[in-house]
Number of protein chains: 2
Amino acid sequence: MSTSTREKIIQLGDDLLRKRGFNAFSYADISKPLHIKNAAVHYHFPSKQDLAVAIAQWHKDIFGRFSLKMANKEPKDRLKTFLNFYHSIHLSEKVDIIGAFATDWHSLEPKVQTEVQEFTELVINWLSELIQEGLDLGQFRTTQNARTTALRILSSIFASTQLVRITSDHDFTRVKNSILEELNN
Amino acid sequence: MSTSTREKIIQLGDDLLRKRGFNAFSYADISKPLHIKNAAVHYHFPSKQDLAVAIAQWHKDIFGRFSLKMANKEPKDRLKTFLNFYHSIHLSEKVDIIGAFATDWHSLEPKVQTEVQEFTELVINWLSELIQEGLDLGQFRTTQNARTTALRILSSIFASTQLVRITSDHDFTRVKNSILEELNN
DNA sequence: TTGCACACTTATTAGTAAATAGGTAATTTA
DNA sequence: TAAATTACCTATTTACTAATAAGTGTGCAA
């Protein structure tokens, strides 16, 4: 199963977006490592904003498949897998896609913003449902409602991928563990 | 008390950094509104990275004065003022400076990174002390240690300034209130 | 009064950005 | 097998980008 050039561009674009920032990489940063010309990238994605749209859609696809795969798992295990996923983001020196898009939000075209919004709602809804299910099953304890708890978990964990670039790796594990402990206390 | 050109450049630079992103604004975006020439900005800050250093130092100054002013207040009131400060960031359509720098981290020179690290440590230490004091006085309840709680509060609140650009304003208030409630439960 | 630092301006440069026009070889379809 | 489509490349354009050199007026200080 060989990866198409289009797919390679999206993956490398995503990597650059989350390692350096949307306005900190150029088409040259994509074309050089793939040994193609700048114009070839423009062939697949006429503008950089088109590439951003594709990256956001790619994340929606991945998350869609992830949530399907997790559907029959226990709420606690789903949350653990989710947090481990963010741990792998941290280890690969990237930040979460939500934050990467959010900080450069006002330099993104509406078509990009819409895709990012759809992806983010997908994640928040999935997390909210997971929390609600955990509460119903008596596996979680929280004083807040499901969506608020979901928002706090999401913001804590995606901010951590950013924060630990500045402080230390150890702080990521602190936050990650505290999220799980807090729901169990 | 008139504001110097240097000060105006820092304030506008900070505004652009937190509204658009570090790599999404240029010296022209600063010189035009201030009715000076591009080269005048370079006179005060030879490189863009020098401007970033000055912005980070400016935040250290502001936070230093803020923490002095808050020194004799109750832990709970200090935290409320801190959270209200982030609310004003949200209302002015900016994101927190920590996240703004973090997402573009790998495009920043070491001298900028050092300043940002110093500012961040200042905030985390201040928050940790506040939490510890609140725990000692029996005003707060938490199952985590002070630094971990501080990290979770900071990450939740600064991520919220980013997240609500994508979701809705209402989500900011949800998170803000939940931080206070969680310490009181 | 002279001279020098300060806070700019004008003018320019070298480099990079995204984007496009037009061409080509290989494959697919009618 | 002719025509169209795909997936590129070469070459170029337009528009910035940060950065610098050299000059100017103002005001203070010796």
Side-chain angles (χ1 to χ4, degrees), chain A residues 1-17 19-56 58 100-101 103-113 115, chain B residues 1-17 19-56 58 100-101 103-113 115:
Chain A
M1 176 178 113
S2 66
T3 319
S4 67
T5 302
R6 191 193 137 89
E7 186 85 355
K8 280 180 196 158
I9 293 169
I10 291 174
Q11 285 176 26
L12 185 49
D14 172 68
D15 199 80
L16 289 161
L17 166 59
K19 274 184 179 156
R20 295 191 213 164
F22 182 67
N23 292 292
F25 76 89
S26 72
Y27 271 33
D29 295 319
I30 290 172
S31 58
K32 271 180 206 160
L34 298 181
H35 307 291
I36 55 174
K37 299 295 157 181
N38 226 304
V41 185
H42 278 285
Y43 166 77
H44 291 282
F45 306 100
S47 80
K48 204 180 168 185
Q49 303 275 338
D50 292 325
L51 175 56
V53 166
I55 291 171
W58 186 61
F101 274 129
T103 51
D104 285 45
W105 192 248
H106 296 296
S107 70
L108 301 173
E109 288 177 6
K111 61 182 173 185
V112 184
Q113 295 183 342
E115 292 296 329
Chain B
M1 178 177 112
S2 65
T3 320
S4 67
T5 301
R6 191 193 137 89
E7 187 84 354
K8 280 178 194 158
I9 294 169
I10 292 174
Q11 285 176 25
L12 185 51
D14 173 68
D15 200 80
L16 289 162
L17 166 59
K19 274 184 179 156
R20 294 192 213 163
F22 182 67
N23 292 292
F25 76 89
S26 72
Y27 270 34
D29 295 319
I30 290 173
S31 59
K32 271 180 205 160
L34 297 182
H35 308 291
I36 54 173
K37 299 296 155 182
N38 224 303
V41 185
H42 278 286
Y43 167 75
H44 291 284
F45 305 100
S47 81
K48 205 179 167 185
Q49 302 276 339
D50 293 325
L51 174 57
V53 166
I55 291 171
W58 186 61
F101 274 129
T103 51
D104 286 45
W105 191 248
H106 296 297
S107 69
L108 301 173
E109 290 178 5
K111 60 183 173 184
V112 184
Q113 295 183 340
E115 292 296 329

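Computed over heavy atoms, backbone and side chain alike; hydrogens, waters and symmetry mates excluded. Note that the coordinates shown come from a computational prediction; the quantities given were computed from them, not determined experimentally.
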When you compare the side chain of A:L12 with that of A:K8, does any pair of heavy atoms fall below 4.5 Å? no
Would you call B:K48 and B:F22 a side-chain contact if the rule is heavy atoms closer than 4.5 Å? yes
Taking the side chain as every heavy atom from C-beta outward, state whether B:Q11 and B:T3 have any atom pair closer than 4.5 Å. yes
Between protein and nucleotides 10-16 of chain D, what N or O pairs are separated by less than 3.5 Å?
none

Please report the distance, rounded to the nearest Å, between NE2 in B:H42 and P in C:dC6. 20 Å
Heavy atoms, side chains only, cut-off 4.5 Å: are A:L51 and A:I30 in contact? yes
Under 4.0 Å from any atom of DNA chain D, heavy atoms only: list the residues of residues 43-52 of chain A that qualify, in numerical order. A:Y43, A:H44
How long is the line joining CD1 of B:I30 and C1' of D:dT17, in whole Å? 13 Å
Less than 4.5 Å apart, side chain to side chain, heavy atoms only: is that true for B:Q49 and B:V53? no
Rounding to an integer number of Å, can you tell me how far B:L34 CG sits from C:dT9 P? 10 Å
Please tell me if B:T5 has a side-chain N or O lying less than 4.0 Å from either OP1 or OP2 of C:dC8. yes
Expressed in angstrom and rounded to an integer, what is the separation of B:E7 atom CD from C:dA7 atom C1'? 16 Å
Quick check on A:K111: does its NZ atom have over 12 non-hydrogen neighbours (other residues, nucleotides or ligands) under 6.0 Å away? yes
With a 4.5 Å cut-off on side-chain heavy atoms, are A:N23 and B:R20 touching? no
State, yes or no, whether a side-chain contact exists between A:D104 and B:D104 at a heavy-atom distance under 4.5 Å. yes
Picking from D:dC8, C:dA17, D:dA18, which would you name as closest to the side chain of A:I36? D:dC8
